Amino acid sequence: MKYNHKSVEQKWQKIWEDKGVFHALEDSEKEKFYALIEFPYPSGQGLHVGHPRPYTALDTVARKRRLQGYNVLYPIGWDAFGLPTENYAIKNHIHPEIVTKKNIDRFKKQIQSLGISFDWSREINTTDPDYYKWTQWIFIQLFKHGLAYKKEMNVNWCTSCKCVLANEEVVNGVCERCGSEVVHKVKSQWMLKITEYADRLINDLDLVNYPDRVKAQQKNWIGRSTGAEVDFSTTTGDTLTIYTTRADTLYGATYMVISPEHPLIEKWADKLTNIDEIREYQAAAARKSDFERTEVAKDKTGVKLDGVRAINPVNNKEIPIFISDYVLVSYGTGAIMAVPAHDTRDWEFAKKFDLPIIEVVKGGNVQEEAFTDCATGIMTNSGMLDGLSVDEAKKKIIDWLTKEGKGHSKVNYKLRDWVFSRQRYWGEPIPIVHCDKCGYVPIDESELPLKLPMVESYEPTDNGESPLAKMTDWIETTCPHCGGKAHRETDTMPQWAGSSWYYLRYMDPHNDKALASKEALEYWAPVDWYNGGMEHTTLHLLYSRFWHKFLYDIGVVPTPEPYAKRTSHGMILGENGEKMSKSRGNVVNPDDIVDEYGADTMRLYEMFIGDFEKAAPWSQASIRGCRRFIERFWNLQTILIDGDKIRPELESAMNKAIKKVGDDIENIKFNTAIATLMALINDISNLKSINREELRIFAILLNPFAPHVTEEVYEICSLGDGILAEAEWPKYDESKCVDDSVEIVVQVNGKIKAKLNISVDAQKDEILSLAKSDENVRKAIDGMNIIKEIVVPKKLVNLVVKP
RNA sequence: GCCGGUGUGGUGGAAUAGGCAGACACAAGGGACUUAAAAUCCCUCGGACUAAUACUCCGUACCGGUUCAAGUCCGGUCACCGGCACCA
């Protein structure tokens, strides 16, 4: 009896669709379970085998939860704004809307062939005006609350995309998307004040169940540090404020460094005798691209400011001031006190410019290298701080500075505000107009959505303006505030906008009064389980937590965090162990696998391939093992016998399997869950028979992984009215998970000498005497003194002997 | 440099809370069935020493430690992967 996956899979997919069995229920009394995968970007390349890994994983969880009686929401949609589509549209002279539709159709067909239990009635699309209406609405709320502002600033500019990038989108000095060079440009940009939420984005990580590596990465990115701001007076009478985390080393400051962009330089220009040299250094620093700036192991460079000196507030000593690009204008105050004895960068600089190095913390040899250990050092050469530990000294000096009005404690973050404008066509228009009289004014909410106008050309402009800037008809409008002449914002939102709140829309996707109804939000929020890639940890995941917290603050959503639990899948690599990509020629298309082996085999293999959280190379050969397993399951029909109870010979194995498979699915150990089922089918094959109850349970356990073939067998063998229709996830009996007898290992001095089958409830003495009576053991202990006897019930015996 | 992670057979990978290393698969080799092949079924499968599936020894990146017992815990080293990177 050959298993025909094509007809069986088509049959069940049609039944599921016709009956709408995966539609989440409104107004249900049942407990809810909201599972979420990161919605895909519908690229022109179609799906590759990496996409279904997370989809299948949460599908397995979702299907199991349905069998456990939950009202499950497992939705999908399309994150469809973005550059590749736009670039394709430009090249082929097709409107991006048409390209998007074509790509979505293809993705949808491919995903549907896998039999994932998505609720397609809630499908969303970020480029749909009915959807981006609410993206724009959120932006307006951000604006009204002062969290969106426009600012002239130095931005990252991708030379190939011709578009600004957020800090998060610059990787190793190049564009995250296309790998092209990123340069600095001064432009007026829309910004979102994510920094206002920095503390809560760190602290509230305690409220959620994320993997430690995700939490660590987010904390790292936000980069909170606690230190102090200290005011140094200068010989010009100006105050130079610096930020430091080592206020304790204030007596060791032998010079100051300010960034090349520091505003005091302009102020001091006529007092500086070497201003030409300084200007030259400033210009050189400005010319550097991000790539050059981030290059490692650079030599320290800088120029001394001749004509101005700073005064150390603790001892009134005059010290020189330098400019150097190792001090960043965008962090702290853009100025530092340099303590070469206790900071490696300052040490390098001091050695190069031959500046004094004064030890103020004992414990190292500061002439050889900077001593940066805070834990063990004792203060010295530090007046009032002498003899204190570093921690004590920090506290004392900050108290002193505060009292004297010369400084105060201060928290700083590496996180910067989010650069939110893009000079491209295929994104949400920013719903703001500029009026000469009223400034920036949001359009009236009743005017939403502000639709993208049809344009002739989506080509980005070389002068750095959005393609929309050429649309004079569209740009010219009236001010919603005063009715006077105004013009529209021509930049669009970044791709991250639509994905920052999409999980809310799934809860109530067709609502035209609100982004989702209060009732839907109350019932479904938060997302119970969100799986996604590690690459989104400091981008999408952080952005969406920020937006959610804002929506929480203005009373739109009922929970402080969007996602209760986060898991992360590893990448599926090509057969050669490298990342799958078109250029490497190692891309595997899931369509071919589904066609040849079926969706169930494909799903099973994706889950069996290895630890879900780790990367795993694809192996065409290994798939066959999964197909064999499906066929062995299918062929259980041929050895089916009557019986409505698990037979004693399978009782322990089946109870253990129910327990193990259930636990493993919850703990994302899908590979061992499947291994357990494979081992169970081996046991069953050895018995050469399976009864109806055993087959029924086996089919239900396998169903979340291989939903088609299990339903088919369930139906053919008349095991019930259908797994989805009526089956419940089986329960196990803990008392039946143990065998009557267990194998006990007998060791002598830690070496295995025998294995004994002993009744589980055998007592210590009994086990010992049985162990000692084994012939091999007797030989090993003969003529020796037993000095220790270790008995671990149900596990082992270890006899420690000496001659 | 800092933060996080990983290192186990020919391969992918197993091994609650320190207790039989290699589950479950793939590949390989041998056999059965077959005119033949495919499919299926059975056997072998870390290494050394062996006639042996008998003994014994070695073996979880490397060095050392704790323990009756270490892939697992501790200290150190190396390699690789991911993130951050002159953040004061």
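Order of the sequence lines fixes the chain letters, A, B, ..., with proteins taken first and strands second; residue numbering starts at 1 for each chain. This one's a predicted model, so the numbers in the text were calculated from it and none came from an experiment.
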What's [X] touching, base or sugar-phosphate or nothing? Going by heavy atoms closer than 4.0 Å.
X: Arg224(A); value: nothing
X: Ser619(A); value: nothing
X: Asp212(A); value: nothing
X: Phe608(A); value: base
X: Thr537(A); value: nothing
X: Gly625(A); value: sugar-phosphate
X: Lys414(A); value: base
X: Lys300(A); value: base

Atom pairs under 3.5 Å: protein N/O with N/O of nucleotides 55-61 of chain B:
{"residue": "U56(B)", "atom": "OP1", "partner": "Lys753(A)", "partner atom": "NZ", "Å": "3.3"}

Partner set under side-chain contact (heavy atoms from CB on, under 4.5 Å) for [X], not counting sequence neighbours:
X: Asp663(A); result: Lys659(A), Asn667(A)
X: Ala341(A); result: Ile357(A), Val366(A)
X: Thr567(A); result: Trp529(A), Asn531(A), Lys565(A), Ile668(A)

Could you work out the separation of [N] and [M] based on their [atom1] atoms and round it to a whole Å?
N: G1(B); M: U8(B); atom1: P; answer: 24 Å
N: G82(B); M: G29(B); atom1: C1'; answer: 40 Å
N: A15(B); M: C73(B); atom1: P; answer: 14 Å

Output a table of nitrogen or oxygen pairs between the protein and nucleotides 65-69 of chain B separated by less than 3.5 Å.
{"residue": "C68(B)", "atom": "OP1", "partner": "Lys788(A)", "partner atom": "NZ", "Å": "3.2"}
{"residue": "C68(B)", "atom": "O2'", "partner": "Asn798(A)", "partner atom": "ND2", "Å": "3.2"}
{"residue": "C68(B)", "atom": "O2", "partner": "Asn798(A)", "partner atom": "ND2", "Å": "2.6"}

Within the 4.0 Å limit for protein heavy atoms, which parts of nucleotides 38-49 of chain B are touched? Write it as a string from 5' to 3', B for base, S for sugar-phosphate only, - for none. -SS---------

Given [options], the nucleotide with the shortest approach to the side chain of [X]:
X: Trp221(A); options: C24(B), A88(B), C84(B); result: C84(B)
X: Ala675(A); options: C26(B), C24(B), C20(B); result: C24(B)
X: Ala216(A); options: G4(B), A25(B), A14(B); result: G4(B)
X: Asp325(A); options: A88(B), C86(B), A25(B); result: C86(B)
X: Ser622(A); options: G4(B), C26(B), U6(B); result: C26(B)

Strictly under 3.5 Å: I want the nitrogen or oxygen pairs between protein and nucleotides 75-79 of chain B, one per line.
none

Which dot-bracket string fits RNA chain B when only Watson-Crick or G-U wobble pairs with both atom distances under 3.5 Å count, crossing pairs get [ ], and | stands for a partner on a different strand? (((((((..(((......[....))).(((((.......))))).(((.......)))..(((((..]....))))))))))))....

Which donor-acceptor pairs under 3.5 Å do side chains of residues 785-794 of chain A form with protein atoms, sequence neighbours excluded?
{"residue": "Glu789(A)", "atom": "OE2", "partner": "Lys772(A)", "partner atom": "NZ", "Å": "2.6"}

List in chain and number order the residues that pass side chain to side chain donor-acceptor pair (under 3.5 Å) with Arg53(A), two or more places apart in sequence or in another chain; answer none if no residue qualifies.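 Side chain to side chain donor-acceptor pair (under 3.5 Å) list for Arg53(A), sorted by chain: empty.
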
State which residues pass side chain to side chain donor-acceptor pair (under 3.5 Å) with Tyr197(A); sequence neighbours excluded, sorted by chain then number.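 Here the qualifying residues are Asp553(A).
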
To the nearest 0.5 Å, tell me how far Leu328(A) CG sits from Glu261(A) CD.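 It is 8.5 Å, given to the nearest 0.5 Å.
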
With sequence neighbours excluded, tell me which residues meet salt bridge (charged side-chain N to carboxylate O under 4.0 Å, His left out) with Lys6(A). Asp595(A)

